[in-house]
Amino acid sequence: MAQKDIIKSLATEVDRLIADHERISEECRSLVKERDELRAERHRLQERLREQENTIKRLELACVMRGDDGSVERARARVNSLLREVDRCIAAIKQQQESN
């Protein structure tokens, strides 16, 4: 009789463990799906942020170039900054071409 009770107890415990495993596996699948959706949303938001930052930079440059704030020096500084960036890009391209 004691052996039957032990076997029943083990069978019950195995059934409980299987049910727990199935429940946890489903929860894991759900969380993985949610994670993937959040990653995709984060990527979309990062891309949108980059676009907005570029728009802000273009608008700031347009304002400076029009002289809206009355600062010629600021416009010159921005143009010089852009020229330095172009020079760095040209140097990087030349360096890449030389290494190939």
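For clarity, every value in this text was computed on a predicted model and none was experimentally measured.
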**OP:** Just jot down the side-chain contact (heavy atoms from CB on, under 4.5 Å) partners of Ile18, sequence neighbours excluded, or say none.
**Re:** Val14, Glu22

Subject >> Pairwise distance CG(Leu49) to CD(Glu53) - rounded to 0.5 angstrom >> reply: 4.0 Å

**OP:** Determine whether more than 12 heavy atoms belonging to other residues, nucleotides or ligands lie under 6.0 Å from atom CZ of Arg35.
**Re:** yes

Subject >> Listed partners of Thr55 passing side chain to side chain donor-acceptor pair (under 3.5 Å), at least two apart >> reply: Arg58

**OP:** For the pair Thr12 (side chain) and Lys8 (backbone), establish whether a donor and an acceptor sit closer than 3.5 Å, ignoring hydrogens and angles.
**Re:** yes

Subject >> side chain to side chain donor-acceptor pair (under 3.5 Å) against Glu47, all qualifying residues, sequence neighbours excluded >> reply: Arg50

Original post:
Roughly how far apart are Asn54 CG and Leu59 CG, rounded to 0.5 Å?
Top reply: 11.0 Å

**OP:** Go through the structure and list residues passing side-chain contact (heavy atoms from CB on, under 4.5 Å) with Asn80, not counting sequence neighbours.
**Re:** Leu83, Arg84

Subject >> Spacing of Leu38 atom CG and Lys33 atom NZ [to the nearest 0.5 Å] >> reply: 12.0 Å

Subject >> Crowding at CD, Glu37 (>12 non-hydrogen neighbours, <6.0 Å) >> reply: yes

**OP:** Would you give the length of the straight line joining atom NZ of Lys57 to atom CG of Leu82, rounded to the nearest 0.5 angstrom?
**Re:** 10.0 Å

Subject >> Non-neighbouring partners of Asp20 that pass salt bridge (Lys or Arg N to Asp or Glu O under 4.0 Å), sequence neighbours left out >> reply: Arg16, Arg23

**OP:** Can you sort out the partners of Glu41 under side chain to side chain donor-acceptor pair (under 3.5 Å), two or more places apart, ordered by chain and number?
**Re:** Arg44

Original post:
Within the distance-only criterion (no hydrogens, no angle test), does the side chain of Ser30 pair as donor or acceptor with the backbone N or O of Glu26 below 3.5 angstrom?
Top reply: no

